[in-house]
S.K.: 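My structure is below; once you've seen it, I'll send some questions.
Fair warning: this is a prediction, and the values are worked out from it, not measured in the lab. We number each residue from 1, following the sequence as shown.
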Amino acid sequence: EQVLRLRLALFEFSANHSLEMLMQRAMDEISRITNSPIGFYHFVEADQKTLSLQAWTTRTVQEFCQAEGQGMSNNLDGAGVWADCVRQRKAVIQNDYEALTDRKGLPPGHAKLKRLLVVPTMRGDQIVSILGVGNKPSDYDEKDIDLVAYVSDVIWVIIERKRAEIQLQDYQRQLETQNLELRKLSLAIEQSGNTIMITDASGIIRYTNPRFEETSGYRLDEVIGKTPRILKSGYQKAEFYQDLWLTITSGQIWRGELHNQRKDGTLYWESATIAPVQNTIGQVTDFIAIKEDISDRKRMEADLKRLAATDSLTGTLNRRQITKVANQELERAQRYGHPTSIILLDIDELKEINDQYGHAAGDLAIQHTAQTLLENLRTIDSLGRYGGDEFVIILPETDHLEAEQVAERLRATMDDKKVSFGDQDLQLSISLGLTYVTGGSNERALDFDTLTLLADKALYQAKEAGRNCVSVYTEDC
């Protein structure tokens with residue numbers, strides 16, 4: 001979540017600040033996130049040999065380094081181990097920098113290095129930049145690589161967009177002063193890594209560059225005379241497109257993300273900047289769109305969100321997420337006056353399984369239990385791993401009688417199944433404690449933590465009753 005917030009902040013920051021200020025801000029933030037006092041950012045030129053320094057972190061300049069900086073170039077052959085990520089074409093960690101024998105390439109006055117992580121950013125088969133952080137108090141690890149690689153990729157995406165926007169602004173000024181035909185687009189635009197589309201004032205497509213065909217699957221001759229509506233996937237509301245159209249027809253630049261559909265029917269995400277072209281009297285004559293396929297980044301963000309909400313062993317909701325869902329359902333129950341039930345359960349004698357067969361068998365038992373529960377719950381129900389072998393089930397709009405039937409069905413289903421572990425068949429059973437709210441107007445509102453304590457008391461009663469049974473909370477528990 002911290003990284004996603006940083007990505008949004010950098011995109012917002014880039015809209016009104018220079019590339020130099022953006023790189024400085026990004027370096028300061030990634031150094032803060034990784035707890036690294038030192039950080040640097042280099043461009044790697046097309047020859048894959050020349051590295052030009054673009055930014056140091058503020059702390060590097062103010063506290064640690066007196067060497068000459070921004071704009072200075074290094075040749076890869078003369079650079080030290082800090083450039084190994086270019087040579088090896090992968091992220092490199094040096095957690096004992098002082099012990100390395102080859103430490104050439106640091107200019108006089110450079111900060112003293114103890115630990116170092118440097119990550120390359122790739123575009124196709126070319127390295128376009130490297131981002132390094134150093135002197136974290138503890139060792140760098142794979143998590144640091146993922147964080148730095150993601151932020152480095154975001155920086156480059158913004159750099160490419162800013163460069164394309166500068167090209168676009170230059171082209172608009174050319175049109176105004178020289179009245180050039182749109183068909184005289186520069187070779188740079190033809191070869192751009194971004195999709196570029198030009199339409200007339202009514203939205204009729206007049207030009208797309210080769211990247212458009214690579215991204216969408218449509219040839220230029222298939223889209224000339226049509227509108228960008230051929231790309232609509234139906235996943236974004238009419239109000240979204242109305243806002244876009246009102247923005248650009250009023251002479252303003254629109255920036256946002258489009259969920260589009262390729263010619264073959266597959267979906268993809270694009271980050272887009274759409275700018276109006278105006279004549280000398282201020283009339284909009286054309287629109288130019290610069291777009292980038294960000295589907296991979298969207299998938300990565302979705303994976304990050306999923307990982308933040310799910311339990312890695314079982315794939316169910318984790319404790320934080322099931323707590324969030326439960327409190328939302330309890331608020332709905334209070335607002336609309338319907339019952340909601342909560343089941344707390346655990347696996348009987350799991351400790352004995354761990355002691356006899358090892359923790360791998362215990363993990364298998366937990367996974368099997370989670371899968372069995374998921375297969376026997378409704379789509380409106382929520383299941384989360386609360387900790388260890390404990391699970392919580394939220395049953396919306398379900399009174400305690402119905403919930404007790406659900407709990408008994410789950411218990412019986414688990415009791416009928418065995419889990420194979422090696423040449424052993426593990427017999428599993430579960431004990432379940434149940435509590436509920438009626439949703440009545442006179443009922444005192446209870447939060448999830450309180451109800452979980454009550455369900456835990458009922459679960460204790462089930463254990464005391466011999467395990468493999470269901471107990472409903474009452475005042476006698």
S.K.: Do Arg163's NZ or CZ and the ring of Phe43 fall within the cation-pi criteria of under 6.0 Å and 45°?
M.R.: yes
S.K.: Side chains of Thr450 and Asp447: is there a donor and an acceptor less than 3.5 Å apart?
M.R.: yes
S.K.: Between Gln24 and Thr58, does any side-chain donor sit less than 3.5 Å from a side-chain acceptor?
M.R.: yes
S.K.: Do Glu375 and Gln371 meet the criterion of a side-chain donor-acceptor pair at a distance under 3.5 Å?
M.R.: yes
S.K.: Do Asp144 and Arg115 sit within salt-bridge range, that is, some charged N less than 4.0 Å from a carboxylate O?
M.R.: no
S.K.: For Trp82 and Phe40, take the angle between the two ring planes, folded into 0 to 90°, and tell me which bin it lands in: parallel under 30, tilted 30 to 60, perpendicular over 60.
M.R.: perpendicular
S.K.: Regarding Thr34 and Tyr140, is there a side-chain donor-to-acceptor distance under 3.5 Å anywhere?
M.R.: no
S.K.: With a 4.0 Å cut-off, would you call Asp47 and Lys49 a salt bridge?
M.R.: no
S.K.: Classify the ring geometry of His17 against Phe13: parallel below 30°, tilted from 30° to 60°, perpendicular beyond 60°.
M.R.: parallel
S.K.: Using 4.0 Å as the upper bound for N to carboxylate O, is an ion pair formed by Asp146 and Lys143?
M.R.: no
S.K.: In terms of side-chain geometry, is the basic nitrogen of Arg25 or Asp28 positioned less than 4.0 Å from the acidic oxygen of its partner?
M.R.: no
S.K.: Do Ser52 and Gln54 meet the criterion of a side-chain donor-acceptor pair at a distance under 3.5 Å?
M.R.: yes
